[in-house]
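Since the structure comes first, as structure tokens, the remarks are kept for the end.
All values below come from the heavy atoms of this structure, side chains included, with hydrogens, waters and symmetry mates left out. Because the structure is predicted, anything quoted here is derived from the model rather than measured.
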Amino acid sequence: THLWLSAKTRAGLDALIDYLKNAAGGDAPEGSFSARERHVSALERAGEHIEIAAAHLDAGIGELLAEELRSAHETLGEITGRVHSDDLLGEIFSSFCIGK
């Protein structure tokens, strides 16, 4: 495919934009992004864990809150790479005074 463009007059710019959109799979709604299906699934599952964790926080159930945060963390690790859950829990509880 040959496209003729002019940097001076911007002629052909719309054709270039249309060509690039079609090559990428067509128009996407504003604010959308491209992701693998497994990444989207992991984000949805992590969001569910966070919602449950928020309910446990409101109810004052710290043990279940920590478990849901650990689960969300592990789910996000499927996308970003594994981070040991002890590191996350250490960070979360580093500012708490436990056992006093």
Side-chain angles (χ1 to χ4, degrees):
T1 302
H2 294 272
L3 299 171
W4 303 101
L5 303 170
S6 170
K8 184 176 181 179
T9 66
R10 300 175 58 96
L13 187 58
D14 290 336
L16 175 62
I17 291 170
D18 289 341
Y19 178 80
L20 293 174
K21 282 182 183 177
N22 288 332
D27 285 331
E30 186 173 327
S32 67
F33 63 96
S34 174
R36 296 182 183 273
E37 184 176 337
R38 67 183 179 85
H39 291 172
V40 172
S41 175
L43 288 171
E44 289 170 348
R45 287 182 285 128
E48 291 168 4
H49 286 297
I50 291 170
E51 287 177 12
I52 295 168
H56 292 319
L57 177 63
D58 291 340
I61 308 171
E63 298 84 10
L64 296 178
L65 165 66
E67 177 61 24
E68 290 300 330
L69 291 176
R70 185 195 61 75
S71 296
H73 177 257
E74 287 185 359
T75 302
L76 291 174
E78 295 174 15
I79 300 170
T80 62
R82 297 282 179 207
V83 176
H84 199 271
S85 61
D86 288 341
D87 296 337
L88 174 66
L89 291 176
E91 183 66 28
I92 291 171
F93 293 113
S94 66
S95 62
F96 288 96
C97 181
I98 299 176
K100 292 187 180 178

Would you give the length of the straight line joining atom [atom1] of [X] to atom [atom2] of [Y], rounded to the nearest 0.5 angstrom?
X	Y	atom1	atom2	result
H49	H73	NE2	NE2	12.5 Å
I50	L57	CD1	CG	12.5 Å
L65	L69	CG	CG	4.5 Å

Any donor-acceptor pair under 3.5 Å from T75 side chain to S71 backbone: yes
With I61 via side chain to side chain contact (heavy atoms under 4.5 Å, CB included) - residues at least two apart: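 Result, side chain to side chain contact (heavy atoms under 4.5 Å, CB included) vs I61: H56, A59, E63, L64.
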E48 and R45 ion-paired at < 4.0 Å: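 Salt bridge: no.
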Hydrophobic cluster membership, L20 vs L5, 4.5 Å side-chain cutoff: yes
What donor-acceptor contacts under 3.5 angstrom involve side-chain atoms of residues 9-16, with partners at least two apart or in another chain?
| from | atom 1 | to | atom 2 | distance (Å) |
| --- | --- | --- | --- | --- |
| T9 | OG1 | S6 | OG | 3.0 |
| T9 | OG1 | A11 | N | 3.3 |

Residue pair L76 / L43, side-chain heavy-atom distance below 4.5 Å: yes
